Amino acid sequence: MAEVRRVRNGPFGYLLRAFVIVYLVLLVAWPLLLVVTHTFAHGTESLQALFADPDLVAALRLTALAAVVATVINTVFGVGISLLLVRCEFPGKRLLSAFVDLPLAVSPIVVGLALVLVYGGRDGWFGPTLESWGFQVVFATPGIIMATAFVSLPLVIREVEPVLREVGTEQEQAAWSLGASGWQAFWRVTLPAIKWAMIYGVVLTLARSIGEFGAVKVVSGNVLGETRTATLAVEEKYLNFDQDGAYAVAFLLASVSVLCILVVFVLRARSARRFSAEGQ
Amino acid sequence: MSIEVSGVNKRYGDFVALENINLSIPTGGLTALLGPSGGGKTTLLRVIAGLETADSGSILIEGTDATRLAVQKRNVGFVFQHYAAFKHMSVARNVAFGLEIRKRPKGEIQARVEELLELVHLSQFAHRLPSQLSGGQRQRMALARALAVEPTVLLLDEPFGALDAKVRKELRDWLRRLHEEVHVTTVFVTHDQEEALEVADEIVVINEGRVEQVGTPDQLYDAPANDFVMGFLGSVTTLDGQLVRPHDIEVSLAPAGPDSIEGTVSRVQRIGFEVRLTVLTDDGEVVTVELTRPHARRLALEQGRVVFLSALFEPAKPVLVAGA
């Protein structure tokens, strides 16, 4: 904690703080606040209107579904890939590690287009075959889930991996020597040890998934009531001069994200306390 | 014999960790695997536990061939240098772990855990988390956890290596007493010769992947098989080209016999109850001599004084041959 307190209290220190505050207010706080004030400009009327619109309720439901499924997939694979990266030595490991970060670097639009190239129903690489089996990916829910999972792929891994590395394998070995099978050791010893990192990763993944726009826009086809997600609804309402509606949906999305960040904040404080207790 | 190791080899790439190890460890004994870091003693312990597999050779535990047996099936208790405590579980749950895995009845587990915590003097800490214990307490917890499953053999990997000197010493005495109570065949790894000499019934000296000598602490100290064992167990110096213990050199002010070697005291160091002399002989040899303070005072030893040195005992001859 000593380093955190090393804030300079001279005039430069105050100037720096003022600068940071102005920057954050102009860039983040004020715009978000305006979303809130616009939403409630006519009381809760615009929010009520939202929930009365079945297409929009469908959009919110689709966003929730895609986010939850993508998060579940990324949690299972994320923990698996983290175990692989930390515990195993194999050729191409560094390449895999770099690949994991790719979704953060690539623009979501590119992700969407790439998915269409592979799974596109008409001239995708694999899409026509799948469609002949009666399974549509692009312009359907599976495509939306895939696009969402793709963009939020690294978040669980990057949280879990360093914790897993720090925990080491001795606790697992101790569990084995006491008779626990590999699965029992994982379930009873490893998983509890990475629990907080995993929850943190899940919350971040959820927040990222709910807000995904670019990749989803390309693969969804934006069919009203079917493949239109909440973020796409915001865009459409905005373009159709339904500003109140756009702000109301935006407010809902932002609230969920803020809630996620609050959860992360609480978890962080909790794990910080745990760590300081263990450091003694 | 409780543990029979025969013809065990283990390599990591080019590095030979264990080279043709043959070893018998008696039932009910407290055996130390002693040697310098990187000498292969921890690898041997882990091979016995089943946490590593040997490239060749076999391991018998109480007559059962354990060579291909998974660590879970060997029924060994293993204690790690850094405790390997299950951090999210209370002390009692840590100790209960092996019994819970074995699906013993709840009442039995509780009774056994209480009994073990009593044994390691941690009863009042049953509901604490490991992070709330001191290092010594954590290691006692780890020991109780390993003993809970009634292992055939108890294996300890540098169990006191992460503790400070005072706690180390306490735990050493305590381990010795515990072993007298529990009587399970125990093997512990250490690089501390004092620890091995003090605690073990039998010491196996391991260096560069080979067994250098096996014997009781007295045998090893008094009759080391080779220069390495002699040098590793206690301090040594050379006198007339031969290895001797610094406290086995007689210092006198006049020649004590035909073999006396003349030299000049170049340094007098006082370390607690003993005095360490550095003597430069006329042949140009630098000899370290240890003697008690009263003895040094009687001879009025000081820098520049001419003294005569002779070995109190004949230099050690190899008695026990490694692996024989």
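Quick caveat: nothing in here was measured; it's all calculated off a predicted structure. Chain identifiers are assigned alphabetically (A, B, ...) following the order of the sequence lines, protein sequences preceding nucleic acid strands; residue numbering begins at 1 within each chain.
Here the OG1-CZ distance, from A:T190 to B:F86, works out to 9.5 Å after rounding to the nearest 0.5 Å. Between the CZ atom in B:F78 and the CD atom in A:Q173 there is a gap of 7.5 Å [rounded to 0.5 Å].
Using a 4.5 Å cut-off between heavy atoms, A:S181 touches chain B through its backbone atoms (N, CA, C, O) alone. Residue A:Q184 touches chain B through its side chain alone, counting heavy-atom pairs closer than 4.5 Å. Of the atoms belonging to B:A142, not a single heavy atom falls under 4.5 Å from chain A. For B:A146, the part lying near chain A is the backbone, with the side chain staying farther off; criterion is any non-hydrogen pair under 4.5 Å. Within the 4.5 angstrom heavy-atom criterion, atoms from both the backbone and the side chain of B:R145 approach chain A.
Shown here are the ring pair (Phe, Tyr, Trp, His ring centres under 6.0 Å) partners of A:F186, two or more places apart in sequence or in another chain: A:W183. Residues passing the salt bridge (Lys or Arg N to Asp or Glu O under 4.0 Å) test with B:R128, sequence neighbours excluded: none.
Side chain of B:H88 to backbone of A:K195: no donor-acceptor contact under 3.5 angstrom is found.
When all heavy atoms of B:K87 and A:Q171 are compared, the closest pair comes out as N-OE1, 3.7 Å.
More than 12 heavy atoms of other shown residues, nucleotides or ligands fall within 6.0 angstrom of atom CZ in A:R87. Within a 6.0 Å sphere centred on NZ of A:K93, heavy atoms belonging to other residues, nucleotides or ligands number more than 12. Within 6.0 Å of CZ in A:F19 there are 12 or fewer heavy atoms belonging to other residues, nucleotides or ligands.
Residues of residues 92-122 of chain B that come closer than 4.5 Å to chain A, counting heavy atoms only, are B:F97, B:G98, B:E100, B:I101, B:R102, B:K103, ordered by residue number. Contacts between residues 42-72 of chain B and chain A, defined by a heavy-atom separation under 4.5 Å, are made by B:R46, B:L51, B:V71, B:Q72.
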